[in-house]
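Treat the numbers as computed from the prediction; the structure is a model and nothing was measured. Chain A is the first sequence line, chain B the second, and so forth, proteins listed ahead of strands; every chain is numbered from 1.
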Protein chains: 2
Amino acid sequence: MEKTKELLKKASIFSSLSDAELSEIVQNGRLKKIAKDSIIFRQGEEATGVYVVVKGRVKVYKLGVDGRQHILHIFGEGETFAEAAVFAGKTYPAFAEAVENSTVFYLYKDRFLYLIERKPSLALKMLGSQAKLLREFASKLEVISLREVSGRLAKYLLGQIEIASRKTKSGLEIRLPMNKTQLASYLGTVSETLSRTLKSLKEQGIIEEENHKIIIKKVEALKDLSG
Amino acid sequence: MEKTKELLKKASIFSSLSDAELSEIVQNGRLKKIAKDSIIFRQGEEATGVYVVVKGRVKVYKLGVDGRQHILHIFGEGETFAEAAVFAGKTYPAFAEAVENSTVFYLYKDRFLYLIERKPSLALKMLGSQAKLLREFASKLEVISLREVSGRLAKYLLGQIEIASRKTKSGLEIRLPMNKTQLASYLGTVSETLSRTLKSLKEQGIIEEENHKIIIKKVEALKDLSG
DNA sequence: CTAACTTTTTGATTTAAATCAATTTAAAAC
DNA sequence: GTTTTAAATTGATTTAAATCAAAAAGTTAG
């Protein structure tokens, strides 16, 4: 219980809650450990509650008829997911799967709605995080509507620079949050094409690759490609 | 004043408000008439408030470097837009432009936030509408990540059947909410290709076209195309 | 350490769609 | 009703990327 509270307090959505309120939340949901690659919920299942990522990362995706995954978003620690399902629909509109061994907190729908009604700051936080997600979707739409894969990749990398890059002496370093097959799918292409596109960028000296990191050498060149 | 209140009451987000609350809102914003094709705000401008469409339709889009528009959404009467900007950022992340002669209600940011904090039902309504938008974005992502234009078009039409179709003796009738150049852009293609794709569907007897309406003759065939 | 499996890369070919160019049709302005 | 402007269609060509096939590199398991 106390441990759970500690974990939840780290989640941005709950950060403004008092100790008593946190206790209330803990009592109305439960912690679930999810093994890597396990499915948390399936598209079409009844949406019975919302989730908060306490540890690890969770991938939310839709499944195409050909079996391909369209990754909508990868949620990290402290982020909430599936609220939209609880508000807008009766069923989850996508799949959720743990990318790595993860822990999530599951909060029952009714209880969640009740809390939001009573705690305006929670609602505001939530509106803020949904707005953020909306922006990300919009930016992903932008990425994907570029016709050339090199442009999409460039735009993606530029986006990653904002979110998660490290400056080193050799350049801006990005650790890809997914493997290349997944990234290809995210960019609306296939792994073969992504592989060739990366190769071409490397040959032009725009990027370098090392371990699972990409080092940006020429940010300007990426900007040119992305527009 | 009274007239404005009448108009606002129709907007789903305000429908649960009392007369006094509506008055408060009316006092804290103002009605703006927007001529067709006029720009309401520009990408990068400071986000000073939210908008509610009272009459007409408003297109929200991003501008590519090549001048092409990526339409994110077209908002109709009663819908709110730009809340995300107010929550998540300092500036509007896109352009807003009236598709037809429209009237919008503009609500100042601070006032809007204050109202939400005080009125939980407003927050819930808003969360619901954001969730809906999120779903639409997700579905648009699905549409656009199909590789073939025929598939994207099919998926789009199937989606429109859900939202806005009329059954007639000749089939399911859809009135396109935008012109074909815009639709092409929405589907991530160009007007020439859309034109050819529509022609091909017509030749296969899957759809017919009349005025600005599309009549679906074979729903099953569309489903095949979309997956 | 070797085997089995998965992911990534490279090559050759095919294909859908973008582009370029021009015409037809429709809508708006005069 | 005629002119002007914009939208939609059609044709010919080019191009980027998907597909098919196989090898190489990297991971995991026994």
Side-chain angles (χ1 to χ4, degrees), chain A residues 35-37 59 64-71 99-101 143-156 175-204 207-214 225-227, chain B residues 35-37 59 64-71 97 99-101 143-156 175-204 207-214 225-226:
Chain A
K36 180 169 188 285
D37 297 333
K59 160 175 87 173
V65 187
D66 53 352
R68 294 162 66 109
Q69 297 181 357
H70 301 302
I71 297 175
V99 176
E100 46 197 65
N101 287 326
V143 167
I144 240 178
S145 37
L146 289 173
R147 51 212 93 291
E148 286 174 31
V149 171
S150 58
R152 283 179 245 165
L153 176 58
K155 196 148 206 160
Y156 173 80
R175 208 179 64 227
L176 295 178
M178 43 188 145
N179 72 28
K180 289 185 183 170
T181 308
Q182 289 172 321
L183 178 59
S185 148
Y186 184 92
L187 295 176
T189 184
V190 293
S191 56
E192 293 98 316
T193 301
L194 176 60
S195 181
R196 284 183 249 263
T197 309
L198 282 167
K199 190 186 177 189
S200 150
L201 292 188
K202 276 181 262 178
E203 282 167 357
Q204 293 172 66
I207 62 168
E208 281 175 11
E209 231 183 327
E210 211 174 273
N211 299 331
H212 288 232
K213 299 194 194 82
I214 287 184
L225 282 173
S226 75
Chain B
K36 180 169 188 289
D37 297 334
K59 160 175 88 175
V65 187
D66 53 352
R68 293 160 65 109
Q69 297 181 357
H70 300 301
I71 297 175
E97 182 184 312
V99 177
E100 47 196 65
N101 288 325
V143 166
I144 236 177
S145 35
L146 289 173
R147 50 212 90 291
E148 287 175 30
V149 171
S150 57
R152 284 180 244 163
L153 176 59
K155 198 150 204 159
Y156 172 80
R175 210 179 61 225
L176 295 178
M178 43 190 146
N179 71 31
K180 290 184 183 170
T181 308
Q182 290 173 320
L183 178 59
S185 148
Y186 183 93
L187 295 176
T189 183
V190 292
S191 57
E192 294 97 316
T193 301
L194 176 61
S195 184
R196 283 184 249 264
T197 309
L198 281 167
K199 190 185 177 189
S200 150
L201 293 188
K202 276 180 263 177
E203 282 168 356
Q204 292 172 65
I207 62 168
E208 283 175 11
E209 230 182 328
E210 209 174 275
N211 300 329
H212 287 232
K213 300 193 193 84
I214 288 183
L225 281 173
S226 75

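Put simply, CZ on B/R147 is 14 Å from C1' on D/dA16, counting in whole angstrom units. In this structure, CG of B/L153 is placed 16 Å from P of C/dA16, rounded to the nearest angstrom. Atom pair B/L146:CG and D/dA17:P shows a separation of 18 Å (rounding to whole Å applied). Rounded to whole angstrom, the span from the CG atom of B/D37 across to the C1' atom of D/dA7 amounts to 14 Å.
Take A/S195 and apply the side chain to side chain donor-acceptor pair (under 3.5 Å) test, not counting sequence neighbours, and it matches no residue. Partners of B/V143 by side-chain contact (heavy atoms from CB on, under 4.5 Å), not counting sequence neighbours, listed by chain and number: B/R152, B/K155, B/L187. In this view, B/E192 satisfies the salt bridge (charged side-chain N to carboxylate O under 4.0 Å, His left out) rule with no residue, not counting sequence neighbours. For A/T181, there are no side chain to side chain donor-acceptor pair (under 3.5 Å) partners, not counting sequence neighbours. By the side-chain contact (heavy atoms from CB on, under 4.5 Å) test, B/T193 pairs with B/V149, B/T189, B/V190, B/T197, sequence neighbours left out. The side chain to side chain donor-acceptor pair (under 3.5 Å) search around B/Q182 returns none, not counting sequence neighbours.
Closest of all the heavy-atom pairs between B/A184 and B/S191 is CB-N, 3.6 Å.
Sequence neighbours left out, the pairs with a member in residues 193-203 of chain B that pass salt bridge (charged side-chain N to carboxylate O under 4.0 Å, His left out) are B/K202-B/E209.
For the helix from C/dC1-D/dG30 to C/dC30-D/dG1, the end axes, each set by the C1' atoms of five terminal pairs, are bent relative to each other by 60° (nearest 10°).
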### Message
Counting primed atoms plus P, OP1 and OP2 as sugar-phosphate and everything else as base, spell out the protein contacts along nucleotides 4-12 of chain C at 4.0 Å heavy-atom distance: B, S or - for each nucleotide, 5' to 3'.
### Response
----SBBBB
